[in-house]
Student: 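Okay, handing you the structure first.
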Amino acid sequence: FVVVILNNGGGGIFSYLPIAKHQRLFSPYFDTAHALRFEGACAGFGLPYVQTDGRAAFEEAYTAALARRGVSVIEAVSVKAETHQLHQRL
């Protein structure tokens, strides 16, 4: 099976809450920014890993993972602000 990790750099889900309008409180307590990736954790468990940063790359990685036996991990990296703006337009 395929594990998909959506990595927006941390805390992106909280931008949908009303607290996000209060930047003074939001950034230090809810917007938990980080630059971490899951590659090392996957390597430690011997899991196939790929990082993607766009739709085409994700589709290619997902198709390849489905063809593989066992567990595969895809880390889909997104930009937190862009993702939030996209959801607002939808």
Side-chain angles (χ1 to χ4, degrees):
F1 67 93
V2 182
V3 176
V4 177
I5 301 168
L6 177 57
N7 187 344
N8 62 16
I13 194 166
F14 297 112
S15 63
Y16 298 97
L17 299 176
I19 191 67
K21 295 176 183 156
H22 305 281
Q23 198 62 33
R24 187 175 59 82
L25 294 172
F26 181 70
S27 285
Y29 301 110
F30 292 89
D31 187 23
T32 53
H34 66 80
L36 302 175
R37 297 293 184 255
F38 286 83
E39 183 175 18
C42 292
F45 287 99
L47 297 174
Y49 165 90
V50 65
Q51 178 183 316
T52 64
D53 62 358
R55 183 177 180 157
F58 175 80
E59 289 176 355
E60 181 179 326
Y62 189 72
T63 299
L66 288 176
R68 202 176 292 122
R69 293 184 65 150
V71 178
S72 295
V73 179
I74 300 172
E75 182 171 12
V77 177
S78 67
V79 177
K80 189 181 333 185
E82 290 176 8
T83 303
H84 183 69
Q85 290 171 358
L86 174 63
H87 282 138
Q88 295 300 329
R89 287 195 306 265
L90 294 177

Student: Report whether F30 and L25 are members of the same hydrophobic cluster (ILVMFWY, side-chain heavy atoms less than 4.5 Å apart, transitive linking).
Tutor: yes
Student: Test E75 against E39 for side-chain contact (heavy atoms from CB on, under 4.5 Å), laying out the working first.
Tutor: CA-CA 8 Å; E75 182 171 12; E39 183 175 18; 5.5 Å; no
Student: Honestly curious: do I19 and Y16 fall in one hydrophobic cluster under the side-chain, below-4.5 Å linking rule?
Tutor: no
Student: The test is side-chain contact (heavy atoms from CB on, under 4.5 Å); show your working for T52 and Y62 and say whether it passes.
Tutor: CA-CA 10 Å; T52 64; Y62 189 72; over 6 Å; no
Student: Over all heavy atoms of both residues, which pair between A76 and F58 is shortest? Give the atoms and the distance, please.
Tutor: CB-CD1, 4.3 Å
Student: Looking only at heavy atoms, what is the nearest atom pair of A61 and V50, with distance?
Tutor: CB-CG1, 3.5 Å
Student: When rounded to the nearest 0.5 angstrom, what distance separates CZ in F1 from OG in S72?
Tutor: 9.5 Å
Student: Within a radius of less than 6.0 Å around CD1 of I13, do more than 12 heavy atoms belonging to other residues, nucleotides or ligands occur?
Tutor: no
Student: Are L47 and V3 connected, step by step, through hydrophobic side chains (Ile, Leu, Val, Met, Phe, Trp, Tyr) whose heavy atoms are closer than 4.5 Å?
Tutor: yes
Student: So which heavy atom on F14 is nearest to which on F26, and how close?
Tutor: O-CE1, 3.6 Å
Student: I'd like to check the salt bridge (Lys or Arg N to Asp or Glu O under 4.0 Å) partners of R55; sequence neighbours left out, ordered by chain and number.
Tutor: E59
Student: Looking at every heavy atom in both A20 and S15, which two are closest together, and how far apart are they?
Tutor: CB-O, 3.6 Å
Student: Would a single hydrophobic cluster contain both L66 and I5, if residues Ile, Leu, Val, Met, Phe, Trp and Tyr are joined by side-chain heavy-atom contacts under 4.5 Å?
Tutor: no
Student: List the atom of L36, the atom of N7, and the distance in Å for their closest heavy-atom pair.
Tutor: O-ND2, 2.9 Å
